[in-house]
Amino acid sequence: MCGIIGYIGNDNAADVLIEGLKRLEYRGYDSAGIAVLQHGRIEIRRSVGKLLHLEDALKKELLSGTVGIGHTRWATHGKPSEQNAHPHRSGNVVIVHNGIIENYLAHKRRLETAGYRFQSETDTEVIAHLLALHMEEGHSLEQAFRATVRELHGSYAIAGLCVSEPETLVVTKSGCPLVVGQGDKAAFLASDVTPLLAHTRHVTFLEDGDIGTLTPLGVTVTGVDGHPVHRDEVRIDWNAEAAEKGGYPHFMLKEIHEQPQAILDTLRGRYSYDSGEADLPDLAITPDQLRDARSIWIVACGTSWHAGMVGKYLLEELVHKPVQVDIGSEFRYRNPMVQEGDVFIALSQSGETADTLAAAREARRLGAYVLSIVNVVGSTLARESDGVIYTRCGPEISVASTKAFTGQVMALYLLALHVGRVRQVLSVEDGQWWLDQFMALPGHVERVIKREAEFVAMAHRFYEKKNFLYLGRGINYPIALEGALKLKEISYIHAEGYAAGEMKHGPIALIDEDMPVVVLAPRDRLYEKTVSNLMEVKARSAPVIAFVSESEQELEALADCVFRIPNTHALLSPIPFTAALQLLAYHIATLRNIDVDRPRNLAKSVTVE
Ligand code: G6P
């Protein structure tokens, strides 16, 4: 989730771009850069780390042009480095990009054969070379840009400029946000409205497939085939802070809503439908090594550990390998029976959690292949692993993890498919069937979060309670744990997650009419058993909040609140169920007036023991 920006007008472009990038820095902050047209040349300044470093570089060498584009990066392809930082240039054109180009490898091979030299490891650089190639064919910037866009698959917001047409900026988008606006003899573009607010309150949100052409006199929007398109101008009344949160009151709610996109991005370009396989090039473990591994270990902390538990159910079911899951701080101090050649999977949003890192180092010392599933590209865990799958969720700012969790589970699905195919436990047709199910997941989550009003109503009924119990079975047992963790983290209500069948061995003693019980009861092979557990709860007068499959009719009479989750295969139900529990926790916490994004005593990343 990078941030892009562009300016064309009469003011100093570098100043406008830097001020704008400061507002976008929350979208990514591992490197930044700007390109400005100055005296008939493209001048680029880039630096790694926070924007401050770029500002320092600019102080040393001032830029004076009035047209430019800029970028703040959250790495997806290629580590954070100056070479991988945007803007990317090809001859006399330069571009910035937010998103993922799925077919970049095919383009890269073709462009290399045509003599284009690549300077970075990014997927983005192919866009610059394609644009240059089409301009060399004699097209105008706008025509060349259209031809380039037609050749791209994936998600993107792109802005470009060239030396030969200094009065024009071009932009487009597909699956990533982009907004344009007009000021006094100036035009602006950005990933969201925050940088524009200092210049104008009237903006236009571009839609997928739109091509925007910006000149100092304004913005015109056309379709990719060139026909004019009308987009309404919108007046924005948010202040800068609200705008950074996309109008949501908290980052947590914004991040919950970003999950369909985060899941899709984690899946994008990582499978081959024809062969029913996952395509995970950074895994760096051969099919033989995967086949021969005696067992699989998964280690993580906090919410990531819950994703790891989901991974255990998944891998054992789909891949038929023994999987052990452990908490980082436990694994490192026991005597784990890891053997040479075992596969060790570390899960971490930040890639910096001390206990997870220590466990991964210990596993490597014992001879395991260390794979990590990480959100932050270039983090310590990613660097120290033999192979990595990045969850492409963008920066997660709220302390309580939401989109990183569902991204991790999505990455585990891909990994399970990969191992299942390698071990030939899954056929081509099985693989294709699973891929179809994976692709439906963003839509399922979308449908859950659209029904937010139902969670608000539930929260009003229960927010004053002092204790909650969450029950789940099978692959939804970890989701009961995660639901309870979310509630306690942000609402300070005591909540426990339990395997529903284990309730009779203890927690049942606590149940009374004052203890709401959240039950996860999808229509799976454990359904009947979960219903019996629910009867036990009901017999003790507890209010029941049941999360059930869409087709469910029976529990209506038993539960006090029923929320229906889109029907999925049982193994995939954790993702939509989790989204529902996040929203329940969020609305309870806001009714209790808690600073949801910064709950007391907690840290986003725990880098000490
Ligand atoms: C902290 C955060 C949690 C997170 C855990 C593990 O406790 O508050 O939200 O799940 O660390 O972090 P990681 O970055 O390793 O996923």
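Throughout, residue positions are numbered sequentially from 1 according to the sequence presented. Whatever order the structure lists them in is the order used to number ligands and atoms, beginning at 1.
Proximity of a side-chain donor or acceptor of K321 to a complementary backbone N or O of R291 within less than 3.5 Å is detected. In terms of modelled atom types and a separation under 3.5 Å, the side chain of R270 and the main chain of L280 share no donor-acceptor contact. With hydrogens and angles disregarded, no donor-acceptor distance shorter than 3.5 Å links the side chain of H494 to the backbone of N467. With hydrogens and angles disregarded, no donor-acceptor distance shorter than 3.5 Å links the side chain of T353 to the backbone of D355.
Ionic pairing of K79 and D30 is not present here: no N-O contact between side-chain nitrogen and carboxylate oxygen is shorter than 4.0 angstrom. Salt bridge annotation for E277-R421: present, with a cationic side-chain nitrogen under 4.0 angstrom from a carboxylate oxygen.
Within the 4.0 Å heavy-atom cutoff, V399 counts among the residues contacting ligand 1.
Closest to atom 12 (O) of ligand 1, if we only count protein heavy atoms, is T353 OG1, 3.3 Å. Nearest protein heavy-atom neighbour of atom 1 (C) of ligand 1: A603 O, 3.5 Å. Looking at atom 6 (C) of ligand 1, its nearest protein heavy atom turns out to be C301 O, 3.4 Å. The shortest contact between atom 11 (O) of ligand 1 and any protein heavy atom is with K604 O, 3.9 Å.
Below 3.5 Å of separation, one finds an N or O of T303 facing an N or O of ligand 1. Annotation: S348 places an N or O atom under 3.5 Å from an N or O atom of ligand 1; distance criterion only.
Using a 4.0 Å cut-off to heavy atoms of S304, the atoms of ligand 1 that qualify are 10 (O), 13 (P), 16 (O). Short contacts between ligand 1 and S401, defined as distances under 4.0 Å to a heavy atom of the residue, involve ligand atoms 9 (O). Taking every heavy atom of S350 and a limit of under 4.0 angstrom, the matching atoms of ligand 1 come to 13 (P), 14 (O), 15 (O). In the vicinity of Q349, heavy-atom distances shorter than 4.0 Å reach the ligand 1 atoms 13 (P), 14 (O), 15 (O), 16 (O).
Just one residue in the list V323, V325, L314 forms a side-chain contact (heavy atoms from CB on, under 4.5 Å) with M309, and that residue is V325.
With 3.5 Å as the limit, one finds a donor-acceptor pair spanning the side chains of E452 and H257.
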